[in-house]
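Heads up, the thing below is written out as structure tokens.
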Amino acid sequence: MSIGHALLGLVESGPRHGYDLKRAFDEKFGRDRPLHYGQVCSNMARLLENGLVE
């Protein structure tokens with residue numbers, strides 16, 4: 001599963017701040033693969049560019 005797909009799943013319930021996304025991602029997957037704040041921003045920008053989030 002890609003980071004983008006995971007973030008899409010996390011925002012499915014509604015808008016979330018980047019810090020909240022990182023915290024939620026780390027709670028679910030952080031032991032194996034901690035997420036850096038820059039990865040949240042770059043992945044969300046890509047999702048926005050592709051029209052998958054607003």
Side-chain angles (χ1 to χ4, degrees):
M1 170 177 53
S2 72
I3 294 172
H5 286 111
L7 292 175
L8 275 175
L10 293 172
V11 298
E12 182 180 14
S13 62
R16 295 178 95 166
H17 192 274
Y19 294 107
D20 295 329
L21 290 172
K22 183 203 177 328
R23 188 176 328 117
F25 184 97
D26 286 348
E27 286 175 4
K28 293 186 182 289
F29 311 107
R31 287 182 225 146
D32 299 326
R33 197 167 129 182
L35 188 64
H36 298 282
Y37 287 109
Q39 290 176 290
V40 174
C41 295
S42 63
N43 278 277
M44 291 305 291
R46 195 171 305 116
L47 293 172
L48 180 64
E49 182 179 301
N50 292 331
L52 299 172
V53 294
E54 295 179 349

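Because the structure is predicted, anything quoted here is derived from the model rather than measured.
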Hey, quick one: are [X] and [Y] part of the same hydrophobic cluster, counting side-chain heavy atoms closer than 4.5 Å, chains of contacts allowed?
{"X": "L7", "Y": "L52", "answer": "yes"}
{"X": "L35", "Y": "L48", "answer": "yes"}
{"X": "L21", "Y": "F29", "answer": "yes"}

So, for [X] and [Y], which heavy atoms are closest and what is the spacing to 0.1 Å?
{"X": "L10", "Y": "F25", "answer": "CD1-N, 3.8 Å"}
{"X": "R16", "Y": "A24", "answer": "NH2-CB, 3.7 Å"}
{"X": "H5", "Y": "S2", "answer": "ND1-OG, 2.6 Å"}

Test item: H17 side-chain N/O and Y19 main-chain N/O as donor-acceptor pair under 3.5 Å: yes

Check: K22 side chain, V40 main-chain N or O, donor-acceptor pair, under 3.5 Å: no

Check against salt bridge (Lys or Arg N to Asp or Glu O under 4.0 Å), D20 and R23: CA-CA 5 Å; D20 295 329; R23 188 176 328 117; 3.4 Å; yes

Rounded distance [0.5 Å steps], CG in L8 versus CD1 in I3: 12.5 Å

